Undergrad: 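One structure, pasted below without further comment.
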Amino acid sequence: MKVPAPASLALRRLRLWVGLGAAWPIASWAQPLEAARALPGWLWSSAALGSLGGMTLLWRLLRQRSAVDKALVETMLDHAPQFLVLVTPDGRVIRHNRTARRWMQEARLEQTPLHASLNAPLWRHAMWGPDGQQGERLRLALAQAAGGRIVKLELNSLDDRGAPRTMEMTVRPVAALPGQPRGHLLIEAQDVTTRRHAEEKLRLAAAVYEQTREGVLIADLRGVILSVNPAFCEITAFQPEELQGQSIQLLSPLLHDAALPQAMQDEVRRTGHWQGEVMSMRRNGAPLTAWVSMSLRREADQRGGHLIAIVHDVTSVRQVEQKLLRRDHFDGLTDLPNRQLLVDRMTQAMAQARRHQQPLALLFLDVNQLRHVNDNFGHTAGDGILREVAQRLRQSLREVDTVARLGGDEFAVLLPGATAEGASQVADKLIERLALPCRVEGQEFSLTFSIGVALSPDDADTPEALLRCADTAMYRAKLEGRGRWCFYSADMVNRSARQLQLEAALRRAEERNELALVYQPQLCLQSGRLVGMEALIRWKHPELGMISPAEFIPLAESSGQILSIGAWVMRTAVRQMKQWIDDGQPSNVVAVNLSAVQFRDPGLPELVQKVLDDAGLPPSCLELELTESVAAHNPAEACEIMDRLHALGVRLSIDDFGTGFSSLSHLKRFPIHTLKIDQSFVRDIGTDPDDRAIVQAIIQMARALRLTTIAEGVETDEQAAFLQSHGCEAAQGYRFCKPLPPEDALAWVQNHTRPNSAARALITPAPIQA
Ligand SMILES: Nc1nc2c(ncn2[C@@H]2O[C@H](COP(=O)(O)O[C@H]3[C@@H](O)[C@H](n4cnc5c(=O)[nH]c(N)nc54)O[C@@H]3COP(=O)(O)O)[C@@H](O)[C@H]2O)c(=O)[nH]1
């Protein structure tokens with residue numbers, strides 16, 4: 001049997017003496033007792049002799065020594081940042097350190113008996129959380145620890161100010177005294193709120209880094225890429241391994257602006273930050289527009305640091321913006337700038353012109369026959385023509401010039417720096433280039449343009465005013481004939497007002513007897529015989545004087561008045577011819593111009609029939625002149641209308657032939673009698689080989705189709721001789737007779753039909769070279 005050492009015996013006795021009523025005091029005293037082991041052996045030997053004086057002395061010594069040790073231990077425990085509570089397995093608190101006291105609101109804890117249960121309200125509040133829901137977890141942890149396990153758990157709590165805190169708690173079984181079984185539980189807890197917050201922040205930062213749609217690149221101060229997040233790779237189309245460890249310069253060649261990397265670097269060096277929108281390319285060549293924010297983050301010692309770039313892909317936003325911008329500023333059909341953008345550019349160009357005391361010119365263009373193309377061939381053909389016009393305009397001008405579509409058939413050209421001379425050269429060039437035939441939808445179209453030219457600052461010094469001037473000039477050019485251009489002049493300003501005035505006056509022109517017809521004889525080029533009379537309308541306005549039909553017929557067409565005016569013309573011409581026949585003139589043909597609007601009026605055949613019936617004129621004495629484009633409009637429909645008119649017995653002719661778009665196959669199907677060669681070809685027969693060739697071709701084609709030809713606008717012997725020698729059957733023009741009022745026309749005819757009359761002698765022109 002092992003004999004205990006004298007010190008151990010004394011300790012045992014002491015333990016018995018002091019008792020085991022409270023574990024913590026025991027534990028506290030146990031430490032001085034443990035210290036007693038270190039006392040010299042002779043002291044223990046004398047104590048072991050069992051004298052009370054010796055024991056007392058020993059105890060005093062021990063008490064002195066243990067009080068110091070106890071204080072040290074208490075100090076250590078109280079200064080421990082952990083919350084330390086020793087409890088019995090059934091949850092009775094038997095010891096706590098200062099941190100625990102503070103945690104549980106010291107003042108109140110003072111009033112709480114040390115041996116309170118963990119279930120006591122104060123403990124419960126501090127350890128089980130405000131709602132007590134953690135009680136079960138704590139109870140379980142205590143039970144598990146009582147079973148010998150070390151249990152860790154995290155609890156939510158409130159600090160002495162009521163702020164939520166997170167406690168990391170470990171419950172471990174401990175022996176209250178050395179050598180005893182581990183029957184007590186040490187609850188050790190520490191406030192990990194700050195750590196948890198930091199961890200949470202780190203976790204969040206990591207999640208943001210991984211999941212954000214913003215690309216993040218981190219490089220060291222030498223520009224070596226340390227890390228890129230998935231979004232950066234997605235945005236740039238690089239793989240992470242292609243970037244990590246590489247120099248940030250690797251990305252520079254992808255930027256549109258070659259000077260940008262240096263500028264970024266300089267700014268970051270200077271201010272620690274750079275941000276801006278960057279046009280770039282992805283790894284796969286796709287365009288990339290990004291908002292880049294670059295920051296330099298220095299370490300505390302200022303020696304190390306990182307460069308952090310945040311990349312926000314704004315490509316699709318910019319693309320949508322671009323599209324919206326285009327929609328707002330560009331014409332959808334031709335992709336040319338629209339009126340709004342033109343005005344913007346004019347504003348800038350005018351400001352610049354003022355600064356540098358330079359001129360600029362604005363051309364206002366109108367496609368003359370677009371309405372006819374739309375009416376006759378549909379809007380697809382019209383759109384095709386507009387696109388072709390846009391392309392020709394773009395190709396004909398310089399980069400600095402702006403070509404815009406103002407809407408409908410109107411275009412504008414802004415020529416910064418152009419003088420009157422420069423603008424006139426451009427206008428000539430455009431008239432020429434735009435007149436070249438264009439093929440759209442399998443059809444060939446020859447279009448003419450009217451162009452108005454206005455100059456700044458001479459004519460106007462604001463965009464709107466300059467546009468008005470150019471528009472006014474364009475209308476004047478239109479009045480002067482197709483394919484013309486014209487400079488603006490101040491006397492044109494009232495054009496729009498004039499149009500309105502004319503439209504209003506035209507409504508009352510018929511009832512006020514302001515309308516009249518003049519007649520132009522049509523003569524056989526072989527015999528000189530009168531073959532017909534063309535009726536041409538005249539309008540004499542009481543204040544404005546004679547108004548040209550070229551000016552008011554389009555107004556009448558657009559306002560719808562052409563139906564009543566056309567009916568009046570037909571009625572008047574038919575009555576006149578009947579009158580002449582009744583007065584003893586040989587039966588002849590009166591030709592009446594029919595506008596497109598009249599031709600498509602479903603009531604036309606009935607009107608013609610009624611007019612003829614009312615006057616009692618044979619239908620063969622009436623010829624209806626249709627313009628070529630009218631005839632080509634929906635050929636099947638045109639053919640049907642012509643058939644109905646033809647069935648009435650009237651003659652049909654195609655006016656202005658050569659300027660429209662008839663194809664041979666259409667002409668073949670139309671029940672027409674005559675082709676009228678447009679005077680624009682006749683005018684230059686003597687000088688233009690192309691016109692001569694066209695006229696010859698028309699005559700031959702008409703012959704092949706068994707149609708007669710009549711040339712209009714014949715003014716010279718030379719023209720008459722050419723036409724005669726190439727087989728053109730008839731002609732009309734100033735060479736023979738100007739359009740005359742009825743009584744003068746009758747006199748002319750009477751004179752002409754007299755044998756050896758001077759007028760008749762005109763039909764003997766000297767032949768000319770073809
Ligand atoms: N729908 C209708 N249109 C009409 C009617 N009356 C005329 N018009 C059309 O108006 C345009 C201009 O006509 P106008 O000013 O009458 O000019 C015609 C002739 O006067 C003119 N002409 C005739 N000979 C000569 C000539 O030798 N030289 C020359 N420079 N001009 C000449 O040419 C015009 C011929 O017209 P057309 O034969 O019809 O082509 C004109 O488009 C008329 O069609 C109407 O009642 N209804």
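Since we're looking at a predicted model, the values are computed, not measured. Just so you know, ligand 1 is whichever comes first in the structure, and atom 1 is the first atom listed for that ligand.
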Undergrad: Identify which one of M577, E623, M570, R575 satisfies the side-chain contact (heavy atoms from CB on, under 4.5 Å) criterion when paired with V590.
TA: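 Only match with V590 under side-chain contact (heavy atoms from CB on, under 4.5 Å): M577.
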Undergrad: Starting from atom 5 (C) of ligand 1, locate the nearest protein heavy atom and write down its residue, its atom name and how far away it is, to 0.1 Å.
TA: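 Among all protein heavy atoms, the one nearest atom 5 (C) of ligand 1 is I537 CG2, 3.6 Å.
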Undergrad: Where is the tightest heavy-atom contact between L362 and A470, given as atom of each residue plus distance?
TA: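 Taking every non-hydrogen atom into account, O-CB, 3.8 Å.
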Undergrad: Does the pair R735/E715 count as a salt bridge with the N-to-O cut at 4.0 Å?
TA: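 Between E715 and R735 there is no salt bridge, as every charged N stays at least 4.0 Å from the carboxylate O atoms.
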Undergrad: Go through ligand 1 atom by atom and flag the ones less than 4.0 Å from a non-hydrogen atom of G733.
TA: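 Once the distances to G733 are compared, the set is 24 (N), 27 (O).
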Undergrad: Among V749, V518, L746, L740, which residue satisfies the side-chain contact (heavy atoms from CB on, under 4.5 Å) criterion with M533?
TA: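 Running side-chain contact (heavy atoms from CB on, under 4.5 Å) over V749, V518, L746, L740 with M533 returns exactly one hit, V749.
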Undergrad: Kindly identify the option in F657, F552, Y734 whose heavy atom sits closest to atom 25 (C) of ligand 1.
TA: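 When every heavy atom of F657, F552, Y734 is considered, Y734 comes closest to atom 25 (C) of ligand 1.
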Undergrad: Among protein heavy atoms, which sits nearest to atom 42 (O) of ligand 1, and what does the distance come to when rounded to 0.1 Å?
TA: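 That would be D656 OD2, 4.9 Å.
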Undergrad: Does the pair E640/R644 count as a salt bridge with the N-to-O cut at 4.0 Å?
TA: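 Salt bridge between E640 and R644, a charged N being under 4.0 Å from a carboxylate O: no.
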Undergrad: So which protein heavy atom does atom 23 (C) of ligand 1 come closest to, and at what separation?
TA: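 The protein heavy atom lying closest is Q520 OE1, 3.1 Å.
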Undergrad: Would you mind checking which non-hydrogen protein atom is closest to atom 11 (C) of ligand 1, with the distance to 0.1 Å?
TA: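 Scanning the protein heavy atoms, the shortest distance from atom 11 (C) of ligand 1 goes to A550 N, 4.2 Å.
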Undergrad: Looking only at protein heavy atoms, identify the closest one to atom 3 (N) of ligand 1 and say how far it is in Å.
TA: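 So the nearest neighbour among protein heavy atoms is N593 CB, 3.7 Å.
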Undergrad: Say whether T627 and D655, considering side chains only, have a donor N or O and an acceptor N or O under 3.5 Å apart.
TA: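 Per modelled atom types, T627 and D655 side chains form no pair under 3.5 Å.
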Undergrad: Of R538, Q522, E712, which has the heavy atom at the shortest distance from atom 20 (O) of ligand 1?
TA: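 The residue whose heavy atom sits nearest atom 20 (O) of ligand 1 is R538.
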Undergrad: Measure centre to centre between the rings of F445 and F377, then say whether the value is under 6.0 Å.
TA: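 Here the rings of F377 and F445 have centres that are less than 6.0 Å from each other.
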Undergrad: What part of V569, side chain, backbone, both or neither, has a heavy atom within less than 4.0 angstrom of ligand 1?
TA: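 Answer for V569: side chain.
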Undergrad: Is there at least one pair of N or O atoms, one from D655 and one from ligand 1, spaced under 3.5 Å apart?
TA: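 Between D655 and ligand 1, an N or O pair is found under 3.5 Å apart.
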Undergrad: Are E625 and K676 within salt-bridge range, i.e. N to O under 4.0 Å?
TA: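 Salt bridge present between E625 and K676.
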Undergrad: If every non-hydrogen atom of L336 is compared with every non-hydrogen atom of A390, which pair is closest and at what distance?
TA: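 That closest heavy-atom pairing would be CD1-CB, 3.6 Å.
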Undergrad: Measure from atom 17 (O) of ligand 1 to the protein's non-hydrogen atoms and state whether any distance is below 4.0 Å.
TA: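 No.
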Undergrad: Between W485 and D428, is there a side-chain donor-acceptor contact under 3.5 Å, judged purely by atom types and distance?
TA: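 Yes, a side-chain donor-acceptor pair sits under 3.5 Å.
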Undergrad: What protein heavy atom sits nearest atom 15 (O) of ligand 1, and how far away is it?
TA: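 The protein heavy atom lying closest is P549 CG, 3.5 Å.
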Undergrad: Considering only heavy atoms of E715, which atoms of ligand 1 have at least one such atom less than 4.0 Å away?
TA: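 Per the distance check, 26 (C), 27 (O), 28 (N), 29 (C), 30 (N).
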Undergrad: What residue and heavy atom of the protein are closest to atom 34 (C) of ligand 1, and at what distance?
TA: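 In this structure, atom 34 (C) of ligand 1 has Q679 NE2, 3.5 Å as its nearest protein heavy atom.
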Undergrad: Where's the contact between K676 and ligand 1, heavy-atom distance under 4.0 Å: side chain, backbone, both or neither?
TA: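 The part of K676 near ligand 1 is the side chain, not the backbone.
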Undergrad: What atoms of ligand 1 come closer than 4.0 angstrom to any heavy atom of P739?
TA: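 Once the distances to P739 are compared, the set is 20 (O).
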Undergrad: Regarding K578 and D582, does a basic nitrogen lie under 4.0 Å from an acidic carboxylate oxygen?
TA: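 Salt bridge flag = yes for D582 with K578.
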Undergrad: Among T716, V597, L536, which one puts a heavy atom closest to atom 7 (C) of ligand 1?
TA: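 Result: the heavy atom closest to atom 7 (C) of ligand 1 is in L536.
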Undergrad: Apply side chain to side chain donor-acceptor pair (under 3.5 Å) to Q520 and Q732, showing your working.
TA: CA-CA 7 Å; Q520 186 173 42; Q732 67 184 92; 2.7 Å; yes
Undergrad: Within the structure, is a non-hydrogen atom of R735 found at a distance of less than 4.0 Å from ligand 1?
TA: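 The answer is no: ligand 1 sits nowhere under 4.0 Å from a heavy atom of R735.
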Undergrad: Is the shortest distance from a heavy atom of E557 to ligand 1 less than 4.0 Å?
TA: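 No.
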